[in-house]
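Letters A, B, ... mirror the listed sequences (proteins, then strands); counts begin at 1.
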There are 2 protein chains.
Amino acid sequence: MRCEGILYKELGEIGLKQEDFKTIIKGYKKIKIKKGDYLIKSGSIVKGYYILISGFLRSFVLDFDGNEVTTNFMVKNDLILEENSFFMQMPTKENIIAVEDCVLWMKDLDTFNNHFRLYEAYREWGRSHLVRNLFALKERTFSMITDKASERYLALLSSRPEIFQKASLKHIASFLGITDSSLSRIRKEI
Amino acid sequence: MRCEGILYKELGEIGLKQEDFKTIIKGYKKIKIKKGDYLIKSGSIVKGYYILISGFLRSFVLDFDGNEVTTNFMVKNDLILEENSFFMQMPTKENIIAVEDCVLWMKDLDTFNNHFRLYEAYREWGRSHLVRNLFALKERTFSMITDKASERYLALLSSRPEIFQKASLKHIASFLGITDSSLSRIRKEI
DNA sequence: AACTATTCTTGCCTAATGACAAGATTTCTC
DNA sequence: GAGAAATCTTGTCATTAGGCAAGAATAGTT
């Protein structure tokens, strides 16, 4: 099936035996959500991690005044994992909303833990995802400190151009840590 | 031995059998470094993760112009883990330098992987540390976007007061993402 | 197509922070 | 404890980005 290609791509190359691979694959359920639906809602406990088959998602948190601050965008093939809530089973502060209709693979914590215990290669895979997320976040924080908004804008434009096809400038601005007016002016300059 | 108290505190409560606990403890080597020494140097491959027994450390990266940007401070009991370099065995961009003489427990990757494979409780422990680090980093990034410098200063002052005893204002300023002059003015206001 | 809502741009003014440099203060070293 | 080095403060001025509000442009809806 076409959709499973993503799981093969993600998990097919990490050195699992054929049958173990099948078990792991079976642990995923396919789910669909509509544009505007929430995949994760602030205050709830995240029940699974996801791999995005198709569509586009945006995550955000609310600041003190209730304004949305966009924390990330997720495109096809991305792993969607709110670590703190998923692993600790605590209410999350994050919201993840579908910007377009989305199809995803989902795996719940029990299944995950089971497979994690059984398969070393799967553990490696999970760990490397966590590490990559951490690394990306560190880079983002660093960039917030050292680069000015226009530089962050250009960097994002060249590293993740898909975002600009699907997200509004308002949300991109908030992801960059600036207001939409400022982003508009920056774009005018360039 | 007094130092081992930290390991007991970290690892004693995670539900390991007595003998497994002993094996894990034995995997640590004690190391000492002097004030001004580097625990981790940019460009090198990190060979272990550490638990700080005593002393104070500061991590930083260099920006484009070669200026230090302080990324964190580490106090007694903290876990010191440069995930990307340790797990992926790639050269790190981070530097970690001893602000005071330090004593640490260290565990290398092979030993870690071994124990990680054998003991589920140890896996849990490692995972929860990664998750906590990620969470803290997310909070920091969020704060960089939503709070102004003076608020970040006050938040740091109340959440991690030890830092103000041991780090210079210059380094604290850079951790907060501002210049030392700005920090000086902020402190004057308050 | 007409209406509405949302997004995006722009103007004007203000606030926050940086850059640079000069002193003041503290710390370190011999 | 004298001198050097690093740290911290302060002043002046420039730059960046925000707040607010009004239009322009776009998308969504019936």
* Opening and closing nucleotides of DNA chain D in contact with chain A, under 4.0 Å to non-hydrogen atoms -> D/dT16 to D/dG28

* **Any residue of residues 169-176 of chain A with a heavy atom less than 4.0 Å from an atom of DNA chain D** => none

* Structure fact -> So, with a heavy-atom separation below 4.0 Å from DNA chain D, the residues of residues 67-74 of chain B are none

* If we only count heavy atoms from C-beta on, is the A/Asp78 to A/Phe73 side-chain gap below 4.5 Å? -> no

* To do: Identify whether any heavy atom of B/Gly177 sits under 4.0 Å from a base atom; if not, whether one sits that close to sugar-phosphate; answer base, sugar-phosphate or nothing.
  =>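 B/Gly177: backbone/sugar contact only, no base atoms under 4.0 Å.
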
[X] (side chain) donor-acceptor with [Y] (main chain) under 3.5 angstrom:
X	Y	answer
A/Asn95	A/Val61	no
B/Glu100	B/Lys34	no
A/Arg152	A/Asp147	yes

* Asked: By a strict heavy-atom criterion of less than 4.0 Å, which residues belonging to residues 147-161 of chain B are in contact with DNA chain C?
  -> B/Lys148, B/Ala149

* Under a 4.0 Å heavy-atom cut-off, which of residues 180-190 of chain A touch DNA chain C? -> A/Ser181, A/Ser184, A/Arg185, A/Lys188

* Are A/Phe21 and A/Tyr119 close enough, and set up right, to give a ring pair (Phe, Tyr, Trp, His ring centres under 6.0 Å), and what steps lead you there? -> CA-CA 9 Å; A/Phe21 178 63; A/Tyr119 309 115; over 10 Å; no

* Is A/Glu124 salt-bridged to A/Arg127, going by a charged N under 4.0 Å from an acidic O? -> yes

* Asked: Taking 4.0 angstrom as the limit, do A/Glu68 and A/Lys170 come out as a salt bridge?
  ->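 A/Lys170 and A/Glu68: not salt-bridged.
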
* Please round to the nearest 0.5 Å and tell me the distance separating atom CG of B/Leu176 and atom NZ of B/Lys148. =>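 Spacing of CG (B/Leu176) from NZ (B/Lys148) equals 14.5 Å.
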
* Structure fact -> dist A/Ile33:CD1 -> A/Ile97:CD1 (nearest 0.5 Å) comes out at 8.5 Å

* Asked: Can you say whether the rings of B/Phe116 and B/Tyr122 are parallel (under 30°), tilted (30 to 60°) or perpendicular (over 60°)?
  -> perpendicular

* Describe, in one word, how the ring planes of A/His129 and A/Trp125 are oriented to each other, choosing from parallel (under 30°), tilted (30 to 60°) and perpendicular (over 60°). => perpendicular

* Tell me, please, whether B/Phe175 has B/Arg140 positioned over its six-membered ring: NZ or CZ under 6.0 Å from the ring centre and within 45 degrees of its axis? =>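 Pair B/Arg140/B/Phe175 counts as cation-pi.
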
Just distance, no hydrogens or angles: give the donor-acceptor pairs under 3.5 Å from side chains in residues 22-29 of chain A, sequence neighbours left out.
{"from": "A/Thr23", "atom 1": "OG1", "to": "A/Glu19", "atom 2": "O", "distance (Å)": "3.0"}
{"from": "A/Tyr28", "atom 1": "OH", "to": "A/Tyr49", "atom 2": "OH", "distance (Å)": "2.4"}

* Given that B/Ser168 and A/Lys35 both sit by DNA chain D, which one's nearest nucleotide is further toward the 5' end? -> B/Ser168

* Asked: Is the number of heavy atoms from other residues, nucleotides or ligands within 6.0 Å of OH (A/Tyr38) greater than 12?
  ->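 Counting other residues, nucleotides and ligands, OH of A/Tyr38 exceeds 12 neighbours.
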
* Can you check ring pair (Phe, Tyr, Trp, His ring centres under 6.0 Å) on A/Phe135 and B/Phe87, steps first, answer last? -> CA-CA 12 Å; A/Phe135 186 75; B/Phe87 290 127; over 10 Å; no

